[in-house]
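I have placed the structure first, in the form of C-alpha coordinates, so that the comments after it can refer back to it.
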There are 2 protein chains.
Amino acid sequence: MARTPVWKSIAIALTDDIAQGRYETGAKLPPEAQLSARFGVNRHTVRRALAEMAEQGLVHARRGAGVFVAAKPADYPIGKRVRFHQNLAREGRTPAKQVLMLETRAASVREAEALGLAPGDPVHVYDGLSLADGQPVALAQAIFPAERLPDLCDALREEASITAALKVCGVADYTRLETRITAKLATATQALHLRISEGAPILRTTSISADTDGTPVEFGRTWFAGDRVTLTVGGED
Amino acid sequence: MARTPVWKSIAIALTDDIAQGRYETGAKLPPEAQLSARFGVNRHTVRRALAEMAEQGLVHARRGAGVFVAAKPADYPIGKRVRFHQNLAREGRTPAKQVLMLETRAASVREAEALGLAPGDPVHVYDGLSLADGQPVALAQAIFPAERLPDLCDALREEASITAALKVCGVADYTRLETRITAKLATATQALHLRISEGAPILRTTSISADTDGTPVEFGRTWFAGDRVTLTVGGED
DNA sequence: GGCTAACATTTGTCTAGTTGTATAGTTGAT
DNA sequence: ATCAACTATACAACTAGACAAATGTTAGCC
(Lines give C-alpha, C1' and ligand atoms only; values in the text may rest on other atoms or scores of the structure.)
Protein backbone atom coordinates (compact mmCIF):
# COMPACT_ATOMS: atom_id res chain seq x y z
CA MET A 1 0.00 0.00 0.00
CA ALA A 2 1.44 3.28 -1.08
CA ARG A 3 0.75 5.81 1.63
CA THR A 4 0.78 9.44 0.64
CA PRO A 5 4.37 10.66 0.90
CA VAL A 6 5.19 13.20 3.56
CA TRP A 7 6.25 15.82 1.08
CA LYS A 8 2.84 15.64 -0.55
CA SER A 9 0.99 16.31 2.66
CA ILE A 10 3.31 19.23 3.29
CA ALA A 11 2.55 20.61 -0.15
CA ILE A 12 -1.14 20.27 0.60
CA ALA A 13 -0.78 22.00 3.96
CA LEU A 14 1.12 24.91 2.44
CA THR A 15 -1.27 25.16 -0.49
CA ASP A 16 -4.07 25.30 2.01
CA ASP A 17 -2.30 28.03 3.96
CA ILE A 18 -2.10 30.07 0.79
CA ALA A 19 -5.70 29.39 -0.13
CA GLN A 20 -6.76 30.42 3.38
CA GLY A 21 -5.01 33.71 2.85
CA ARG A 22 -2.41 33.06 5.52
CA TYR A 23 0.23 33.91 2.97
CA GLU A 24 -0.91 36.52 0.50
CA THR A 25 -0.09 36.75 -3.16
CA GLY A 26 3.45 37.97 -3.60
CA ALA A 27 4.30 37.39 0.05
CA LYS A 28 7.41 35.52 1.11
CA LEU A 29 7.03 32.14 2.70
CA PRO A 30 9.14 31.32 5.76
CA PRO A 31 12.60 30.05 4.78
CA GLU A 32 12.93 26.37 4.05
CA ALA A 33 14.83 25.80 7.28
CA GLN A 34 11.95 27.22 9.30
CA LEU A 35 9.37 25.24 7.39
CA SER A 36 11.29 22.04 7.88
CA ALA A 37 11.31 22.72 11.61
CA ARG A 38 7.61 23.45 11.60
CA PHE A 39 6.77 20.20 9.83
CA GLY A 40 9.43 18.21 11.61
CA VAL A 41 11.16 16.97 8.48
CA ASN A 42 14.40 17.44 6.66
CA ARG A 43 14.87 20.50 4.52
CA HIS A 44 15.01 18.36 1.40
CA THR A 45 11.53 17.06 2.06
CA VAL A 46 10.20 20.59 2.26
CA ARG A 47 12.04 21.37 -0.93
CA ARG A 48 10.31 18.47 -2.61
CA ALA A 49 6.97 19.91 -1.56
CA LEU A 50 7.91 23.40 -2.72
CA ALA A 51 9.13 21.98 -6.02
CA GLU A 52 5.72 20.43 -6.56
CA MET A 53 4.01 23.70 -5.76
CA ALA A 54 6.38 25.59 -8.06
CA GLU A 55 5.59 23.16 -10.85
CA GLN A 56 1.93 23.94 -10.40
CA GLY A 57 2.74 27.62 -10.60
CA LEU A 58 1.69 28.30 -7.04
CA VAL A 59 4.97 29.58 -5.69
CA HIS A 60 8.22 30.85 -7.10
CA ALA A 61 11.68 30.67 -5.50
CA ARG A 62 14.50 33.14 -5.87
CA ARG A 63 17.90 31.97 -4.72
CA GLY A 64 19.11 34.01 -1.81
CA ALA A 65 15.81 35.78 -1.44
CA GLY A 66 13.14 33.27 -0.58
CA VAL A 67 10.04 31.53 -1.83
CA PHE A 68 7.14 33.70 -2.86
CA VAL A 69 3.49 33.06 -3.44
CA ALA A 70 2.95 33.34 -7.17
CA ALA A 71 -0.78 33.36 -7.47
CA LYS A 72 -3.92 32.29 -5.78
CA PRO A 73 -6.41 30.32 -7.83
CA ALA A 74 -7.95 32.78 -10.21
CA ASP A 75 -11.35 34.15 -9.45
CA TYR A 76 -13.50 33.86 -12.48
CA PRO A 77 -16.62 35.99 -12.21
CA ILE A 78 -19.66 34.79 -14.09
CA GLY A 79 -22.14 37.55 -14.77
CA LYS A 80 -23.76 39.17 -17.75
CA ARG A 81 -20.48 39.81 -19.47
CA VAL A 82 -18.10 36.88 -19.25
CA ARG A 83 -14.79 37.73 -20.86
CA PHE A 84 -11.93 35.37 -20.20
CA HIS A 85 -9.19 37.75 -21.26
CA GLN A 86 -10.54 40.76 -19.43
CA ASN A 87 -11.29 38.76 -16.31
CA LEU A 88 -7.74 37.59 -16.00
CA ALA A 89 -6.09 40.81 -17.05
CA ARG A 90 -7.99 42.54 -14.26
CA GLU A 91 -6.26 40.24 -11.78
CA GLY A 92 -2.89 41.11 -13.20
CA ARG A 93 -2.40 37.80 -14.94
CA THR A 94 -1.52 37.28 -18.57
CA PRO A 95 -4.25 35.54 -20.52
CA ALA A 96 -3.66 33.59 -23.71
CA LYS A 97 -5.57 31.20 -25.87
CA GLN A 98 -4.49 28.31 -28.01
CA VAL A 99 -6.65 27.02 -30.84
CA LEU A 100 -6.95 23.26 -30.80
CA MET A 101 -9.50 22.83 -33.58
CA LEU A 102 -11.58 25.00 -35.85
CA GLU A 103 -14.21 23.61 -38.20
CA THR A 104 -17.55 24.26 -39.79
CA ARG A 105 -20.13 21.53 -39.71
CA ALA A 106 -23.83 20.84 -39.30
CA ALA A 107 -25.37 21.68 -35.96
CA SER A 108 -26.54 18.94 -33.67
CA VAL A 109 -30.03 19.05 -32.20
CA ARG A 110 -28.72 20.36 -28.87
CA GLU A 111 -26.59 23.05 -30.52
CA ALA A 112 -29.34 24.14 -32.89
CA GLU A 113 -31.78 24.48 -30.04
CA ALA A 114 -29.39 26.59 -28.02
CA LEU A 115 -28.62 28.93 -30.92
CA GLY A 116 -32.18 29.09 -32.25
CA LEU A 117 -31.27 27.35 -35.51
CA ALA A 118 -32.61 24.34 -37.31
CA PRO A 119 -30.72 21.08 -36.81
CA GLY A 120 -28.26 20.67 -39.64
CA ASP A 121 -27.69 24.38 -40.16
CA PRO A 122 -23.97 25.13 -40.48
CA VAL A 123 -22.08 26.15 -37.35
CA HIS A 124 -18.48 27.10 -36.59
CA VAL A 125 -16.93 24.97 -33.88
CA TYR A 126 -14.02 26.35 -31.90
CA ASP A 127 -12.02 24.11 -29.60
CA GLY A 128 -9.41 25.91 -27.58
CA LEU A 129 -7.27 26.05 -24.50
CA SER A 130 -7.31 29.09 -22.24
CA LEU A 131 -4.13 29.91 -20.38
CA ALA A 132 -3.25 32.19 -17.49
CA ASP A 133 0.44 33.03 -17.12
CA GLY A 134 1.16 30.12 -19.41
CA GLN A 135 -0.75 27.73 -17.18
CA PRO A 136 -3.70 25.99 -18.80
CA VAL A 137 -6.86 26.98 -16.98
CA ALA A 138 -9.74 25.88 -19.11
CA LEU A 139 -10.73 23.88 -22.16
CA ALA A 140 -13.34 25.74 -24.11
CA GLN A 141 -15.65 24.77 -26.91
CA ALA A 142 -17.72 27.43 -28.58
CA ILE A 143 -20.37 26.99 -31.28
CA PHE A 144 -21.36 29.91 -33.50
CA PRO A 145 -24.02 30.24 -36.22
CA ALA A 146 -22.01 30.06 -39.46
CA GLU A 147 -24.53 31.80 -41.72
CA ARG A 148 -24.65 34.83 -39.48
CA LEU A 149 -20.87 34.99 -38.99
CA PRO A 150 -19.29 33.70 -42.20
CA ASP A 151 -15.78 35.06 -41.54
CA LEU A 152 -15.52 34.09 -37.90
CA CYS A 153 -13.13 31.19 -38.43
CA ASP A 154 -10.37 33.39 -39.81
CA ALA A 155 -11.02 35.96 -37.11
CA LEU A 156 -10.77 33.33 -34.36
CA ARG A 157 -7.48 32.17 -35.78
CA GLU A 158 -5.97 35.65 -35.77
CA GLU A 159 -7.49 37.52 -32.88
CA ALA A 160 -6.26 37.05 -29.35
CA SER A 161 -9.70 36.55 -27.80
CA ILE A 162 -13.16 35.41 -28.78
CA THR A 163 -14.53 38.82 -27.91
CA ALA A 164 -12.10 40.44 -30.34
CA ALA A 165 -12.95 37.94 -33.08
CA LEU A 166 -16.66 38.56 -32.68
CA LYS A 167 -16.13 42.29 -32.84
CA VAL A 168 -14.32 41.92 -36.17
CA CYS A 169 -17.37 40.02 -37.45
CA GLY A 170 -19.74 42.75 -36.43
CA VAL A 171 -20.82 41.67 -32.97
CA ALA A 172 -19.92 44.73 -30.99
CA ASP A 173 -21.34 43.48 -27.73
CA TYR A 174 -22.91 40.33 -26.36
CA THR A 175 -24.10 39.16 -22.98
CA ARG A 176 -24.63 35.87 -21.32
CA LEU A 177 -28.20 34.61 -21.14
CA GLU A 178 -27.58 31.50 -19.14
CA THR A 179 -24.80 29.53 -17.47
CA ARG A 180 -25.08 26.03 -16.07
CA ILE A 181 -22.38 24.60 -13.84
CA THR A 182 -21.65 21.02 -12.86
CA ALA A 183 -18.68 19.11 -11.46
CA LYS A 184 -16.97 16.32 -13.35
CA LEU A 185 -13.80 14.28 -13.18
CA ALA A 186 -11.15 14.89 -15.78
CA THR A 187 -10.93 12.43 -18.63
CA ALA A 188 -7.52 11.40 -19.92
CA THR A 189 -7.65 13.86 -22.83
CA GLN A 190 -8.82 16.74 -20.70
CA ALA A 191 -6.19 15.99 -18.09
CA LEU A 192 -3.53 16.02 -20.76
CA HIS A 193 -4.54 19.42 -22.09
CA LEU A 194 -5.06 21.01 -18.70
CA ARG A 195 -1.91 19.38 -17.32
CA ILE A 196 -3.69 17.92 -14.33
CA SER A 197 -4.00 14.32 -13.34
CA GLU A 198 -6.71 12.09 -14.67
CA GLY A 199 -9.64 12.05 -12.31
CA ALA A 200 -8.90 15.53 -10.94
CA PRO A 201 -11.95 17.70 -10.31
CA ILE A 202 -13.27 19.75 -13.18
CA LEU A 203 -15.85 22.50 -13.33
CA ARG A 204 -17.97 22.28 -16.43
CA THR A 205 -20.06 25.21 -17.57
CA THR A 206 -22.54 25.35 -20.41
CA SER A 207 -23.54 28.78 -21.58
CA ILE A 208 -25.59 30.65 -24.12
CA SER A 209 -24.72 34.21 -25.11
CA ALA A 210 -26.67 36.59 -27.26
CA ASP A 211 -26.06 39.93 -28.93
CA THR A 212 -27.87 43.14 -28.00
CA ASP A 213 -30.90 42.10 -30.07
CA GLY A 214 -31.26 38.96 -28.03
CA THR A 215 -30.22 36.70 -30.91
CA PRO A 216 -28.03 33.83 -29.67
CA VAL A 217 -24.49 34.09 -31.03
CA GLU A 218 -22.55 31.58 -28.99
CA PHE A 219 -23.17 28.25 -27.37
CA GLY A 220 -20.24 27.49 -25.11
CA ARG A 221 -19.02 24.53 -23.16
CA THR A 222 -16.06 25.13 -20.88
CA TRP A 223 -14.08 22.77 -18.64
CA PHE A 224 -12.14 24.53 -15.89
CA ALA A 225 -9.34 22.92 -13.91
CA GLY A 226 -11.06 22.81 -10.55
CA ASP A 227 -8.05 23.62 -8.43
CA ARG A 228 -6.91 26.55 -10.53
CA VAL A 229 -10.15 28.47 -10.75
CA THR A 230 -12.88 29.60 -8.45
CA LEU A 231 -16.06 30.52 -10.25
CA THR A 232 -17.80 33.44 -8.64
CA VAL A 233 -21.34 34.38 -9.41
CA GLY A 234 -21.35 38.08 -8.71
CA GLY A 235 -24.23 39.79 -6.99
CA GLU A 236 -23.83 42.83 -9.24
CA ASP A 237 -25.32 43.16 -12.74
CA MET B 1 9.37 -28.99 17.89
CA ALA B 2 9.29 -25.50 16.55
CA ARG B 3 12.74 -24.05 16.97
CA THR B 4 12.71 -20.39 17.89
CA PRO B 5 13.02 -18.36 14.69
CA VAL B 6 16.24 -16.49 14.07
CA TRP B 7 14.55 -13.12 14.12
CA LYS B 8 13.20 -13.76 17.57
CA SER B 9 16.61 -14.49 19.00
CA ILE B 10 17.91 -11.36 17.36
CA ALA B 11 15.13 -9.37 19.00
CA ILE B 12 16.07 -10.91 22.33
CA ALA B 13 19.73 -10.10 21.82
CA LEU B 14 18.99 -6.49 20.94
CA THR B 15 16.51 -6.12 23.77
CA ASP B 16 19.19 -7.40 26.07
CA ASP B 17 21.68 -4.92 24.69
CA ILE B 18 19.27 -2.13 25.52
CA ALA B 19 18.56 -3.52 28.97
CA GLN B 20 22.31 -3.74 29.64
CA GLY B 21 22.57 -0.08 28.82
CA ARG B 22 24.66 -0.69 25.73
CA TYR B 23 22.28 1.57 23.88
CA GLU B 24 20.81 4.39 25.95
CA THR B 25 17.31 5.72 25.61
CA GLY B 26 17.07 7.99 22.65
CA ALA B 27 20.26 6.62 21.15
CA LYS B 28 20.43 5.42 17.59
CA LEU B 29 20.95 1.75 16.92
CA PRO B 30 23.40 0.72 14.22
CA PRO B 31 21.81 0.74 10.78
CA GLU B 32 19.97 -2.37 9.69
CA ALA B 33 22.69 -3.23 7.18
CA GLN B 34 25.29 -3.24 9.93
CA LEU B 35 23.11 -5.29 12.25
CA SER B 36 22.43 -7.85 9.55
CA ALA B 37 26.18 -8.18 9.06
CA ARG B 38 26.73 -8.54 12.79
CA PHE B 39 24.16 -11.34 13.08
CA GLY B 40 25.08 -12.84 9.74
CA VAL B 41 21.56 -12.72 8.36
CA ASN B 42 19.63 -10.90 5.70
CA ARG B 43 18.49 -7.37 6.34
CA HIS B 44 14.86 -8.48 6.27
CA THR B 45 15.42 -10.81 9.15
CA VAL B 46 16.79 -7.97 11.25
CA ARG B 47 13.84 -5.88 10.20
CA ARG B 48 11.50 -8.59 11.43
CA ALA B 49 13.21 -8.42 14.82
CA LEU B 50 13.08 -4.63 14.92
CA ALA B 51 9.42 -4.70 13.94
CA GLU B 52 8.68 -6.90 16.92
CA MET B 53 10.56 -4.56 19.23
CA ALA B 54 8.81 -1.54 17.77
CA GLU B 55 5.45 -3.16 18.40
CA GLN B 56 6.43 -3.56 22.01
CA GLY B 57 7.30 0.12 22.15
CA LEU B 58 10.95 -0.57 22.76
CA VAL B 59 12.33 1.15 19.70
CA HIS B 60 11.08 3.49 17.05
CA ALA B 61 12.29 3.84 13.46
CA ARG B 62 12.45 7.01 11.40
CA ARG B 63 12.81 6.53 7.70
CA GLY B 64 16.10 7.87 6.52
CA ALA B 65 17.30 8.58 10.02
CA GLY B 66 17.63 5.31 11.84
CA VAL B 67 16.18 3.21 14.62
CA PHE B 68 16.12 4.75 18.07
CA VAL B 69 15.61 3.41 21.55
CA ALA B 70 12.26 4.65 22.79
CA ALA B 71 11.93 6.61 25.99
CA LYS B 72 10.23 5.44 29.13
CA PRO B 73 6.78 6.82 29.77
CA ALA B 74 6.49 9.84 32.02
CA ASP B 75 3.81 10.62 34.53
CA TYR B 76 2.09 13.88 33.89
CA PRO B 77 -0.10 15.14 36.71
CA ILE B 78 -3.06 17.29 35.81
CA GLY B 79 -4.35 19.44 38.62
CA LYS B 80 -4.93 23.07 39.35
CA ARG B 81 -1.42 24.04 38.43
CA VAL B 82 -0.23 22.29 35.28
CA ARG B 83 3.38 23.17 34.55
CA PHE B 84 5.12 21.08 31.96
CA HIS B 85 8.65 22.08 32.93
CA GLN B 86 8.14 21.70 36.65
CA ASN B 87 6.31 18.41 36.23
CA LEU B 88 9.17 16.85 34.36
CA ALA B 89 11.93 18.39 36.41
CA ARG B 90 10.35 16.85 39.49
CA GLU B 91 10.78 13.43 37.89
CA GLY B 92 14.44 14.12 37.29
CA ARG B 93 14.05 14.58 33.57
CA THR B 94 15.23 17.54 31.52
CA PRO B 95 12.38 19.45 29.97
CA ALA B 96 12.74 21.59 26.88
CA LYS B 97 10.48 23.29 24.43
CA GLN B 98 10.86 24.00 20.77
CA VAL B 99 8.85 26.70 19.04
CA LEU B 100 7.33 25.50 15.80
CA MET B 101 5.32 28.54 14.93
CA LEU B 102 4.38 31.83 16.51
CA GLU B 103 1.83 34.18 15.06
CA THR B 104 -0.83 36.70 15.89
CA ARG B 105 -4.16 36.39 14.17
CA ALA B 106 -7.89 36.81 14.63
CA ALA B 107 -9.55 34.47 17.09
CA SER B 108 -11.91 31.79 15.87
CA VAL B 109 -15.34 31.42 17.44
CA ARG B 110 -14.19 28.50 19.56
CA GLU B 111 -11.07 30.30 20.77
CA ALA B 112 -12.89 33.53 21.49
CA GLU B 113 -15.48 31.70 23.53
CA ALA B 114 -12.85 29.96 25.61
CA LEU B 115 -10.94 33.15 26.33
CA GLY B 116 -14.00 35.33 26.82
CA LEU B 117 -13.23 37.46 23.78
CA ALA B 118 -15.21 38.45 20.73
CA PRO B 119 -14.57 36.41 17.59
CA GLY B 120 -11.99 38.22 15.48
CA ASP B 121 -10.16 39.74 18.43
CA PRO B 122 -6.41 39.35 18.06
CA VAL B 123 -4.80 36.33 19.70
CA HIS B 124 -1.26 35.02 19.92
CA VAL B 125 -0.94 31.46 18.69
CA TYR B 126 1.93 29.36 19.93
CA ASP B 127 2.70 26.02 18.31
CA GLY B 128 5.40 24.10 20.03
CA LEU B 129 6.96 20.81 20.80
CA SER B 130 7.62 19.74 24.37
CA LEU B 131 10.60 17.50 24.97
CA ALA B 132 11.76 15.37 27.84
CA ASP B 133 15.41 14.42 27.77
CA GLY B 134 15.45 15.46 24.14
CA GLN B 135 12.59 13.11 23.30
CA PRO B 136 9.42 14.72 21.99
CA VAL B 137 6.55 14.15 24.37
CA ALA B 138 3.79 16.48 23.34
CA LEU B 139 2.66 18.88 20.68
CA ALA B 140 1.18 21.96 22.25
CA GLN B 141 -0.87 24.77 20.87
CA ALA B 142 -1.65 27.68 23.14
CA ILE B 143 -3.86 30.66 22.40
CA PHE B 144 -3.45 33.88 24.36
CA PRO B 145 -5.40 37.14 24.25
CA ALA B 146 -3.12 39.50 22.34
CA GLU B 147 -4.52 42.77 23.65
CA ARG B 148 -3.99 41.73 27.22
CA LEU B 149 -0.48 40.36 26.59
CA PRO B 150 1.05 42.44 23.79
CA ASP B 151 4.65 41.38 24.36
CA LEU B 152 4.05 37.69 24.86
CA CYS B 153 5.38 36.62 21.47
CA ASP B 154 8.88 37.85 22.23
CA ALA B 155 8.71 36.39 25.69
CA LEU B 156 7.66 32.99 24.34
CA ARG B 157 10.56 33.03 21.94
CA GLU B 158 13.11 33.77 24.62
CA GLU B 159 11.87 32.19 27.81
CA ALA B 160 12.31 28.49 28.44
CA SER B 161 8.75 27.81 29.49
CA ILE B 162 5.28 29.22 29.00
CA THR B 163 5.02 29.90 32.71
CA ALA B 164 8.17 32.00 32.56
CA ALA B 165 6.96 33.89 29.51
CA LEU B 166 3.66 34.69 31.17
CA LYS B 167 5.44 35.90 34.26
CA VAL B 168 7.48 38.34 32.18
CA CYS B 169 4.23 39.69 30.79
CA GLY B 170 2.77 40.28 34.19
CA VAL B 171 0.88 37.08 34.86
CA ALA B 172 2.45 36.00 38.13
CA ASP B 173 0.24 32.99 38.64
CA TYR B 174 -2.48 31.14 36.83
CA THR B 175 -4.50 28.01 37.42
CA ARG B 176 -6.34 25.58 35.27
CA LEU B 177 -10.07 25.95 35.12
CA GLU B 178 -10.88 22.99 32.99
CA THR B 179 -9.21 20.12 31.18
CA ARG B 180 -10.88 17.84 28.68
CA ILE B 181 -9.25 14.64 27.56
CA THR B 182 -9.94 12.48 24.54
CA ALA B 183 -8.07 9.86 22.57
CA LYS B 184 -7.16 10.31 18.93
CA LEU B 185 -4.99 8.72 16.32
CA ALA B 186 -1.86 10.51 15.19
CA THR B 187 -2.02 12.32 11.88
CA ALA B 188 0.99 12.21 9.60
CA THR B 189 2.31 15.56 10.78
CA GLN B 190 1.78 14.84 14.43
CA ALA B 191 3.46 11.49 14.06
CA LEU B 192 6.48 13.14 12.49
CA HIS B 193 6.90 15.61 15.30
CA LEU B 194 6.31 13.16 18.08
CA ARG B 195 8.46 10.55 16.40
CA ILE B 196 5.78 7.93 16.57
CA SER B 197 4.13 6.08 13.74
CA GLU B 198 1.11 7.37 11.90
CA GLY B 199 -2.04 6.04 13.49
CA ALA B 200 -0.46 5.59 16.91
CA PRO B 201 -2.64 6.55 19.86
CA ILE B 202 -2.58 10.13 21.05
CA LEU B 203 -3.97 11.79 24.13
CA ARG B 204 -5.52 15.10 23.34
CA THR B 205 -6.29 17.60 26.06
CA THR B 206 -8.11 20.88 25.75
CA SER B 207 -7.69 23.30 28.60
CA ILE B 208 -8.56 26.73 29.81
CA SER B 209 -6.40 28.52 32.33
CA ALA B 210 -7.09 31.77 34.13
CA ASP B 211 -5.14 34.20 36.26
CA THR B 212 -5.90 34.85 39.92
CA ASP B 213 -8.74 37.21 38.98
CA GLY B 214 -10.44 34.44 37.08
CA THR B 215 -9.81 36.04 33.70
CA PRO B 216 -8.93 33.41 31.07
CA VAL B 217 -5.35 33.83 29.86
CA GLU B 218 -4.69 30.65 27.96
CA PHE B 219 -6.64 28.27 25.79
CA GLY B 220 -4.52 25.22 25.25
CA ARG B 221 -4.64 22.18 23.05
CA THR B 222 -2.07 19.52 23.68
CA TRP B 223 -1.38 16.24 21.95
CA PHE B 224 0.58 13.73 24.00
CA ALA B 225 2.31 10.71 22.55
CA GLY B 226 0.10 8.08 24.13
CA ASP B 227 2.81 5.60 24.95
CA ARG B 228 5.20 8.14 26.38
CA VAL B 229 3.00 9.79 28.97
CA THR B 230 0.48 8.77 31.52
CA LEU B 231 -1.85 11.53 32.54
CA THR B 232 -2.64 11.42 36.22
CA VAL B 233 -5.47 13.36 37.76
CA GLY B 234 -4.27 13.83 41.29
CA GLY B 235 -6.57 13.73 44.27
CA GLU B 236 -4.50 16.48 45.88
CA ASP B 237 -3.99 19.59 43.71
C1' DG C 1 24.50 61.12 -0.21
C1' DG C 2 26.50 57.37 -2.54
C1' DC C 3 29.77 53.87 -2.88
C1' DT C 4 32.08 49.58 -1.60
C1' DA C 5 33.28 45.73 1.39
C1' DA C 6 32.02 42.44 4.62
C1' DC C 7 28.69 39.58 6.53
C1' DA C 8 24.48 36.96 7.25
C1' DT C 9 20.61 34.78 5.10
C1' DT C 10 18.55 31.89 1.87
C1' DT C 11 18.01 28.85 -2.10
C1' DG C 12 20.46 25.37 -5.34
C1' DT C 13 23.09 21.27 -5.83
C1' DC C 14 25.69 17.36 -4.69
C1' DT C 15 27.06 13.07 -2.25
C1' DA C 16 26.18 9.54 0.95
C1' DG C 17 23.59 6.98 4.11
C1' DT C 18 19.21 4.83 6.10
C1' DT C 19 14.58 2.94 6.42
C1' DG C 20 10.19 1.35 3.78
C1' DT C 21 8.24 -1.57 0.37
C1' DA C 22 7.74 -4.71 -3.38
C1' DT C 23 8.95 -8.78 -5.98
C1' DA C 24 10.97 -13.19 -6.63
C1' DG C 25 13.36 -17.06 -5.23
C1' DT C 26 15.35 -20.73 -1.89
C1' DT C 27 15.15 -23.92 1.93
C1' DG C 28 13.36 -27.04 5.24
C1' DA C 29 9.90 -29.00 8.12
C1' DT C 30 5.28 -31.07 8.50
C1' DA D 1 2.38 -30.32 -1.67
C1' DT D 2 2.25 -26.63 1.35
C1' DC D 3 3.64 -23.25 4.29
C1' DA D 4 6.71 -20.41 7.10
C1' DA D 5 11.26 -18.64 7.45
C1' DC D 6 14.76 -16.73 5.22
C1' DT D 7 17.56 -14.80 1.15
C1' DA D 8 18.43 -11.66 -2.75
C1' DT D 9 17.71 -7.56 -5.27
C1' DA D 10 15.93 -3.22 -6.50
C1' DC D 11 13.88 1.01 -5.93
C1' DA D 12 11.36 4.79 -3.38
C1' DA D 13 11.27 8.03 0.43
C1' DC D 14 13.62 10.46 3.71
C1' DT D 15 17.71 12.08 6.42
C1' DA D 16 22.22 14.26 7.00
C1' DG D 17 25.71 17.33 5.98
C1' DA D 18 28.41 20.19 3.14
C1' DC D 19 29.30 23.73 -0.03
C1' DA D 20 28.15 26.98 -3.94
C1' DA D 21 25.55 30.90 -5.63
C1' DA D 22 22.44 34.67 -5.26
C1' DT D 23 20.42 38.05 -2.40
C1' DG D 24 19.69 41.34 1.45
C1' DT D 25 21.75 44.07 5.18
C1' DT D 26 24.90 46.73 7.57
C1' DA D 27 28.98 49.33 8.53
C1' DG D 28 32.48 52.25 7.12
C1' DC D 29 34.56 55.43 4.00
C1' DC D 30 34.95 59.12 0.55
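Every chain is numbered from 1, with letters handed out A, B, ... down the list of sequences.
- In this structure A/T15 satisfies the side chain to side chain donor-acceptor pair (under 3.5 Å) test with no other residue, sequence neighbours excluded.
- Side chains of B/L29 and B/F68 form no contact here, defined as non-hydrogen atoms less than 4.5 Å apart.
- Atom CG in B/L50 sits roughly 8 Å away from atom P in C/dT19 (whole-Å rounding).
- For DNA chain C, the residues of residues 60-67 of chain B within the heavy-atom distance limit of 4.0 Å (strictly under) are B/A61, B/R62, B/R63, B/G64, B/G66, B/V67, sorted by number.
- The side-chain contact (heavy atoms from CB on, under 4.5 Å) check on B/T206 picks up B/R110, B/R180, B/R204, B/F219, B/R221, with sequence neighbours excluded.
- For the salt bridge (Lys or Arg N to Asp or Glu O under 4.0 Å) test, no residue two or more places apart in sequence or in another chain qualifies with B/D127.
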Provide a list of protein-nucleic acid N or O atom pairs under 3.5 angstrom, restricted to nucleotides 3-7 of chain C.
none

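- Applying the side chain to side chain donor-acceptor pair (under 3.5 Å) test to B/T179 and every residue at least two apart in sequence or in another chain returns B/R176.
- Rounded to the nearest 0.5 angstrom, B/Q141 CD and B/L100 CG are separated by 10.5 Å.
- With sequence neighbours left out, A/F39 forms a side-chain contact (heavy atoms from CB on, under 4.5 Å) with A/I10, A/A13, A/L14, A/L35, A/V41, B/T189.
- Within residues 30-39 of chain A, the residues having any heavy atom closer than 4.0 Å to DNA chain C are, in order of number, A/P31, A/E32.
- Across all non-hydrogen atoms, the minimal contact from B/A142 to B/E218 is CB-OE2, 3.5 Å.
- Residues satisfying the side-chain contact (heavy atoms from CB on, under 4.5 Å) test with A/A138, not counting sequence neighbours, are A/S130, A/T222, A/F224.
- Atom CG in B/L29 sits about 16 Å away from atom C1' in D/dT15, given to the nearest Å.
- The CG atom of B/L50 sits 6.0 Å away from atom CD of B/E32, with the distance rounded to the nearest 0.5 Å.
- Summarising the geometry, the separation between NE2 on B/H193 and C1' on D/dC14 is reported as 15 Å, rounded to the nearest angstrom.
- Looking at residues two or more places apart in sequence or on another chain, you find a side-chain contact (heavy atoms from CB on, under 4.5 Å) between B/A11 and B/A49, B/M53.
- Sorted by first then second residue, the salt bridge (Lys or Arg N to Asp or Glu O under 4.0 Å) pairs that include residues 155-168 of chain B, not counting sequence neighbours, are B/D154-B/R157.
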Write out a two-atom table: protein N or O, nucleotide N or O from nucleotides 6-8 of chain D, distance below 3.5 Å.
unit_1	atom_1	unit_2	atom_2	d
D/dC6	OP1	B/V6	N	2.5
D/dT7	OP2	B/N42	N	2.9
D/dT7	OP2	B/T45	OG1	2.4
D/dA8	N6	B/H44	NE2	3.0

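- Atom CZ in B/R47 sits 11.5 Å away from atom OG in B/S36 (nearest 0.5 Å).
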